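As structure tokens, the structure follows; a few thoughts come after it.
Because the structure is predicted, anything quoted here is derived from the model rather than measured. Both ligands and their constituent atoms are indexed starting at 1 by order of listing.
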Amino acid sequence: MAGLTNAPILILKEGHKRETGKDAQRKNIMAAKAVAEAVKTTLGPKGMDKMLVDGTGDVVITNDGATILREMDIEHPVAKMIVEVSRAQEDEVGDGTTTAVVIAGGLLENAEELINIGVHPTVIVQGYKAVQKKAYEFLEEMAVTVSTEDRDILKKIAETAMTGKGIEVFKDKLAEICVDAASAIEEDGKVDVEERVNFVKIGSGSVKDTELEQGVVLDKERLNPDMPKKVEGARIVLLDSTLELKKLSTDAKVTISSPESLSSFREGEDEVLKEKVDAMAKVGANVVFCKQGIGAYASRYLANFGIIAARRVSDEDMKFLALATGGKIVTDPLEMSEEDLGSAELVREKKIGKEKKMIFVEGCHGAKAVTVVIHGSSEQLRDNIERALEDALWSVGTVLESKKIVPGGGAPEIEVAEKLRQYASTMSGRDQLAVKAFADAVEEIPLNLAENAGFDSIDVLVNLRSSHGAGKKSYGLDMNTGKPADMMAQGVVEPLRVKTQAIKSGTAAATLVLRVDDVIAAKVEGLRPKPGQSPHDYTRRPMMPPMM
Ligand code: ADP
Ligand code: MG
């Protein structure tokens, strides 16, 4: 047998790039940090805005971290992982996205330093995970339990979540709406904002006219002036099929030889529509919301029965109507029964502003669902209000569910960091490293709050640390003076869960990135980098990181 040579064994095709070890880690960390860099200037009430311009020139101006990350056209696989984590934060608690990403960036930056002095990434990952649990403990310790009856506190929660979103002037009114809406949809201790709150945005009127409706509001008018303007004791059909005559196009399958046969054909079709409307009237319907078209004939016939109808109702609205009214979406009226009908105390067409009319479905017994009708002159403004309301609604909902709040303004982060450092001092040399790195990462929050407001971040940190050292747990950054102040007294409060989840999401993202030590071009078509391209350049939808 011939002797073995020392030639390297190739396991990948020639030309394929692969990055391993420190190289891969460094690049991955860089990418993740770049995402954090992109959003950290938006953090807090004095955060800056980002202007996002898409290919068609449409512009979105926002400082909402979640929106920025969603809209950014990100290519790098690791950067995408960070974006996914921010989505997890948004899906879990609806707020604290920027915080989560900034913490992830901090954890990675500090990990990089540790890697550089020879600490193995696995050791860092284990350390971070262990510290994370301690961080929750310290957050729990500083949390305050509140009564869900306490409207003032709930309003403060809403206001803090809305701060810095460019809608300061309307904060009071919008916070009221949030508290009313979240309380209205609470059921068995759960507040499902995603499912049970709908937003309708209207270009007329001013933000002051924004209001909450207990039910569903459709940006639709009744189809026919002969239909009633309102019905009480509404029995509602949610229809997903057409009530229009078939269009006679050139490739229609019928051949019509004389004008008489055309009209008899039409009559035949009219007959079908008539049957459908009859069937709906027979089960007692007095409202029909149709996802597809309703033709003039059917519309008149519906009006004869005193039925209010609207057509081309969007898919989303249909689903929301089904939830709110307890109705089923039916496709064939001939086969529907009374049980398929939704119900509401009142369905009426209402005038909004000078010329707009909308259909209101009120007093729904199917489920607790509300609609916020947002008024505002520009689309930008309306979108910003919707985003702010969403964050605030989620936060109020979270407090209604879990009843625990913490002061904001960086107070919890300083407290956690201080406690972690004390905890680290009880450990042996090397074990301390990850704990300290974690503490520093969490402190990125007050640091960036200060920086974004134009304060000296080092001064701010030193002052806050000394307040907390003196036992003033609820002291955070006063945005007007740059000095430590009691955030509880100032009404800057947040749900505990937003803070714990931000640490959870941030740590999940960082450890996920740290565990990767090899970036190899995958075999799947479309994922393979082009010749000469680094594996860092190809796109791949990342897997959701496991939540710890
Ligand atoms: P995120 O996406 O993480 O929610 P935000 O831009 O909404 O980011 O900023 C949230 C941070 O701003 C929190 O740390 C919160 O405590 C702080 N904050 C909000 N309002 C105030 C305020 N009036 N004074 C000080 N800090 C505030
Ligand atoms: Mg926020």
* Who's the nearest protein heavy-atom neighbour of atom 7 (O) of ligand 1, and how far? -> Lys165 NZ, 3.8 Å

* At a 4.0 Å threshold, what atoms of ligand 1 neighbour a non-hydrogen atom of Gly409? -> 15 (C), 16 (O), 25 (C), 26 (N)

* Structure fact -> Tightest non-hydrogen contact, residues Ala158 and Ala392, listed as O-CB, 3.6 Å

* Which residue supplies the protein heavy atom nearest to atom 5 (P) of ligand 1, what is that atom called, and how far is it? -> Gly44 N, 3.6 Å

* To do: Take Lys473 and Asp486 through the salt bridge (Lys or Arg N to Asp or Glu O under 4.0 Å) test and state the conclusion after the steps.
  => CA-CA 8 Å; Lys473 282 186 185 181; Asp486 186 350; over 6 Å; no

* Per-atom contacts of ligand 1 with Thr163, taking only distances under 4.0 Å to non-hydrogen atoms -> 20 (N)

* Asked: Which part of Glu494 is near ligand 1, with near meaning a heavy atom under 4.0 Å away: side chain, backbone, both or neither?
  -> side chain

* Asked: What's the shortest distance from atom 24 (N) of ligand 1 to any protein heavy atom, and which residue and atom give it?
  -> Met479 CG, 3.5 Å

* To do: Over all heavy atoms of both residues, which pair between Val217 and Thr371 is shortest? Give the atoms and the distance, please.
  => N-OG1, 3.4 Å

* **Closest protein heavy atom (residue, atom, distance) for atom 3 (O) of ligand 1** => Thr99 OG1, 2.5 Å

* Touching ligand 1 at all, Gly164? Heavy atoms, strictly under 4.0 Å? -> no

* Have a look at ligand 1 and work out which part of Leu477, if any, has a heavy atom under 4.0 Å from it: side chain, backbone, both or neither. => backbone

* To do: Using non-hydrogen atoms of the residue, decide whether Lys499 is closer than 4.0 angstrom to ligand 1.
  => yes

* Per-atom contacts of ligand 1 with Gly408, taking only distances under 4.0 Å to non-hydrogen atoms -> 16 (O)

* To do: For Glu84 and Arg87, run salt bridge (Lys or Arg N to Asp or Glu O under 4.0 Å): C-alpha distance rounded to whole Å, both residues' side-chain angles, the deciding distance at 0.1 Å, then the answer.
  => CA-CA 5 Å; Glu84 288 289 313; Arg87 286 209 191 120; 3.1 Å; yes

* Structure fact -> closest protein heavy atom to atom 4 (O) of ligand 1 is Asp95 OD1, 2.8 Å

* Asked: Are the charged groups of Arg196 and Glu187 less than 4.0 angstrom apart, N to O?
  -> yes

* Nearest non-hydrogen protein atom, atom 18 (N) of ligand 1 -> Pro45 CD, 3.5 Å

* Asked: Atom CD of Gln432 and atom OH of Tyr423: how far apart are they, to the nearest 0.5 Å?
  -> 11.0 Å

* With a 4.0 Å cut-off on heavy atoms, is Gly96 touching ligand 1? -> yes

* Does the distance from a Lys or Arg side-chain N to an Asp or Glu carboxylate O, for Glu443 and Arg421, drop under 4.0 Å? -> yes

* Is the distance from the Mg ion (ligand 2) to the nearest N/O/S atom of Asp95 under 2.8 Å? -> yes

* Could you list which atoms of ligand 1 come closer than 4.0 Å to a heavy atom of Leu43? => 3 (O), 6 (O), 8 (O), 9 (O)

* Asked: Numbering the atoms of ligand 1 from 1, which are under 4.0 Å from a heavy atom of Thr42?
  -> 6 (O)

* To do: May I ask you to say whether Asp391 pairs ionically with Lys165, meaning some side-chain N is under 4.0 Å from a carboxylate O?
  => yes

* If you measure from each non-hydrogen atom of Asp391 to ligand 1, which part falls under 4.0 Å: side chain, backbone, both or neither? -> neither

* **Salt-bridge criterion met for Glu213 and Lys350 (N-O under 4.0 Å)** => yes

* **Glu137 bridged to Lys134 by N-O distance under 4.0 Å** => yes

* Derivation of the side-chain hydrogen bond (donor to acceptor under 3.5 Å, both in side chains) call for Asp54 and Thr56 -> CA-CA 5 Å; Asp54 74 8; Thr56 63; 2.8 Å; yes

